[in-house]
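Below you'll find the structure, written out as structure tokens, and then a few comments.
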Number of protein chains: 2
Amino acid sequence: MATIRDVAEQAGVSVATVSRVLNDNGYVGSETRKRVMGAIESLNYSPNEVARSLYKRESRLIGLLLPDITNPFFPQLARGIEDEVNRSGFRLLLGNSDEEANKELEYIQTFLQNQVVGMISATNNTDNENYSNLNLPVVFLDRVSKRHPSVYADGIEGGRLAARTLIERGSKRITLIKGPGHVKPAADRFHGALAVLSEAEIDFSVLSTSSYAFDDARKWAEELFAKHPDTDGVIASNDIVAIAILHEALRLGRKIPEDLQLIGYDDIPFSSLSYPSLSTIRQPAYEMGKEAAKLLIRMIRKEKEIEQTIQLPVTLIERNTTRKVDPNA
Amino acid sequence: MATIRDVAEQAGVSVATVSRVLNDNGYVGSETRKRVMGAIESLNYSPNEVARSLYKRESRLIGLLLPDITNPFFPQLARGIEDEVNRSGFRLLLGNSDEEANKELEYIQTFLQNQVVGMISATNNTDNENYSNLNLPVVFLDRVSKRHPSVYADGIEGGRLAARTLIERGSKRITLIKGPGHVKPAADRFHGALAVLSEAEIDFSVLSTSSYAFDDARKWAEELFAKHPDTDGVIASNDIVAIAILHEALRLGRKIPEDLQLIGYDDIPFSSLSYPSLSTIRQPAYEMGKEAAKLLIRMIRKEKEIEQTIQLPVTLIERNTTRKVDPNA
DNA sequence: AAATTATCTGTAACCGGTTACACAAATGCG
DNA sequence: CGCATTTGTGTAACCGGTTACAGATAATTT
């Protein structure tokens, strides 16, 4: 690997001049610039980021902390972030925390050791001490924090929307699935839905679940129909659970949406491919990722007027696990 | 941020001694060690990875190059890799190439600039010049390369298995979906299936597709039934396409698996949640990721006897889009 | 023409670790 | 006891960039 000194020697200039050419700052004579460029070319030189990072006390890496990339909601977030940070020349350092505080801490630690310029986190312990006196731009994604800017979709409204959707379309005995208690946005959508259900003149029950994992989703589905066989409307905690419930309902011979309406949450890519295709509350994951990245980059650039929260709208994606709304209602 | 010099001063020793304590090498008196540890503790010191990387000319980062994390096969691979590299104290630098040569090149470039210790790539251009004179341990995953070790599942056998499965279960007019031409493993599974179909006494046709993307999958599904309405068995190029076909088939009122058998490829998490659940050829994605990571780490450690290929078995996951095999046959 | 200012370039310190080398003290051995 | 070896520690060079500062020349201004 050629170094800046090799280039300097080849071009017959000092390393300072080469550096000036590389970074396009300071004064460089046009003739000199050409010679340096030629040397860079002929040596196939590429500057060492590590050396630069050391002096600058800042790399061009951004830490991304996710609960679990295997959950289909997150790849989209990650992709949105990556596409956006790449536009500004940053790269991503990835970490899956599994929502475990020690893994989270370890990742933050190594992010700092690698002198990341900033960090985006989609994990829960938003206000614990790990983040508190962190001298680093941090954006929370799909989570809220008192201390740091956050980008998220409106969970309360999403929950409301889901509940209203089923009610308007005639479900009378709704089961509301409550997601894992420690996941903030799950709680929001739950409370949003709960509020609407409480106001309405219908029966409803709540089924508590403790995870979003694929393998568990089927369990919740079985539990649902065992405990509430007569339910005619299910508000799922997310699309994975919804699709598992759909699977189980069809297995039990329920007609969907005639006997049972079902609405998911997230709008993961697969929800349009289930049969019947899944009605759901869409969170714009890719856009959320992009927005979080944009916000972080503005913080990195120390721009003024950084908004503390960016809330993206949730939307009802009406597919075929809900009935058409009665036009006479 | 405290530096090693702060620690040295606090402990009343030289930086060399602190470094020895940190890395647990060289001679350090037990009393001195205690003082140093105390200073580290009280200053809450954490060594700067960037400085270390610069001197060592090697970071503790591993580059991971994927086509697109949004494709549900890859998160599992990524997770397997991450879990394994973390065990050895490495972290991941992530890149999505979209199978575009220039993005791929850019990522490799920045990986090198960041002095990664090694790299795992799941992209296609395995033997192009980008990788050729790379003085870096590289493992290809889900791809084969002449120059570098590879970890993959047996695509030919997978294709054969898929074809045999449909034939044994009585499909007579099979449609074989050919995946994107530039994706190597897609070609393997296609040829494996093709070979078996050619030998068998059945009719079959081939439908060529040019992508794996969600949005396109539905298009292939429609095209399939438009061109081959009488097909009674479909070998899909992967599970996404299979599930899209399943969706379309159900929409058209086909009975599955009675009228139409369908087999996917990959065994992504969702394939067990479709209804009917999808029969498929399983590639053990998480394990593949783990194996690739293990192999890479052995290369990094310069162990002898590195195998050039690790081939993992594909297995038939018999679910409900295929019929039970006739016990009298 | 003299004084300013702008342009161009080089020297060397600096970022924060690691380690080669030197040296001193302690220990082992014949 | 004398010499070799082991143990313990420090000094300073090094990794490969960036930049403060200085000095020289060229262009402008007065």
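It should be emphasised that the depicted structure is a prediction, and the values quoted were computed from it without experimental measurement. Chain identifiers are assigned alphabetically (A, B, ...) following the order of the sequence lines, protein sequences preceding nucleic acid strands; residue numbering begins at 1 within each chain.
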**Item:** Ionic contact status for A:Lys103 with A:Glu106, cut-off 4.0 Å
**Value:** no
**Asked** Is any side-chain heavy atom of A:Ile62 less than 4.5 Å from a side-chain heavy atom of A:Ile300?
**Response** yes
**Asked** Closer than 4.0 Å, any side-chain N/O of B:Tyr55 to the OP1 or OP2 of C:dG17?
**Response** no
**Request:** Measure from the side chain of A:Asn23, starting at C-beta and using heavy atoms only, and say which of C:dG16, D:dG17, D:dT18 lies closest.
**Result:** D:dT18
**Asked** Which part of the nucleic acid, if any, lies within contact of A:Ser19, taking any heavy atom under 4.0 Å across all strands shown: a base, the sugar-phosphate backbone alone, or nothing?
**Response** base
**A:Arg60 CZ to D:dG17 C1', straight-line distance once rounded to whole Å** = 11 Å
**Request:** Starting from C1' on C:dT9, measure out to CZ on A:Arg5 and report it in whole angstrom.
**Result:** 16 Å
**Request:** Establish, with yes or no, whether the OP1 or OP2 oxygen of D:dT19 is under 4.0 angstrom from a side-chain nitrogen or oxygen of A:Lys56.
**Result:** yes
**Request:** Establish whether the base of D:dG16 is bridged to the side chain of A:Arg52 by a donor-acceptor pair shorter than 3.5 Å.
**Result:** no
**Message:** For B:Glu303, is the CD atom crowded, meaning more than 12 foreign heavy atoms sit under 6.0 Å from it?
**Reply:** yes
**Request:** Round to a whole Å and report the spacing from CD of A:Glu58 to P of D:dT18.
**Result:** 14 Å
**Request:** Before accepting this row, confirm whether a basic side-chain N of the pair B:Lys290/B:Glu287 lies closer than 4.0 Å to the acidic partner's carboxylate O.
**Result:** no
**Message:** Closest-nucleotide mapping onto DNA chain D: is B:Gln115 or B:Ser30 further toward the 5' terminus? I mean the 5' end.
**Reply:** B:Ser30
**Item:** Phosphate OP1/OP2 of D:dG10 contacted by B:Thr17 side-chain N/O (<4.0 Å)
**Value:** yes
**Asked** Counting any heavy atom closer than 4.0 Å, what does B:Val13 reach on the DNA or RNA strands: base, sugar-phosphate only, or nothing?
**Response** sugar-phosphate
**Request:** Check the distance between D:dT7's P and B:Asn25's CG and give it to me in whole angstrom.
**Result:** 14 Å
**Prompt:** B:Leu22 CG to C:dT19 P: how many Å, rounded?
**Reply:** 12 Å
**Prompt:** With a 4.0 Å cut-off on heavy atoms, is B:Thr32 in touch with a base, just the backbone sugar-phosphate, or nothing at all?
**Reply:** sugar-phosphate
**Asked** Any side-chain N or O of A:Ser14 under 4.0 Å from OP1/OP2 of C:dG10?
**Response** yes
**Message:** Would you say that more than 12 heavy atoms from the other residues, nucleotides or ligands in this model lie under 6.0 Å from the CE of A:Met299, or not?
**Reply:** yes
**Prompt:** In whole Å, what is the span from the CD1 atom of B:Ile4 to the C1' atom of D:dA12?
**Reply:** 14 Å
**Asked** Considering only C:dG16, C:dG17, D:dT9, which nucleotide approaches the side chain of B:Arg20 most closely?
**Response** D:dT9
**Message:** Of the listed nucleotides (D:dT19, D:dT11, C:dG16), which one gets closest to any side-chain atom of A:Ala16?
**Reply:** D:dT19
**B:Pro47 side-chain proximity, nearest of C:dC21, C:dG17, D:dG17** = C:dG17
**Message:** I need the CD-P distance between A:Glu49 and D:dG17, as an integer number of Å.
**Reply:** 10 Å
**Prompt:** Is there a side-chain contact between A:Ser88 and A:Arg301 (heavy atoms, below 4.5 Å)?
**Reply:** yes
**Message:** Is B:Tyr27 close enough to C:dA24 that one of its side-chain N or O atoms is under 4.0 Å from OP1 or OP2 there?
**Reply:** no
**Rounded distance in Å - CZ (B:Arg57) to C1' (C:dG16)** = 17 Å
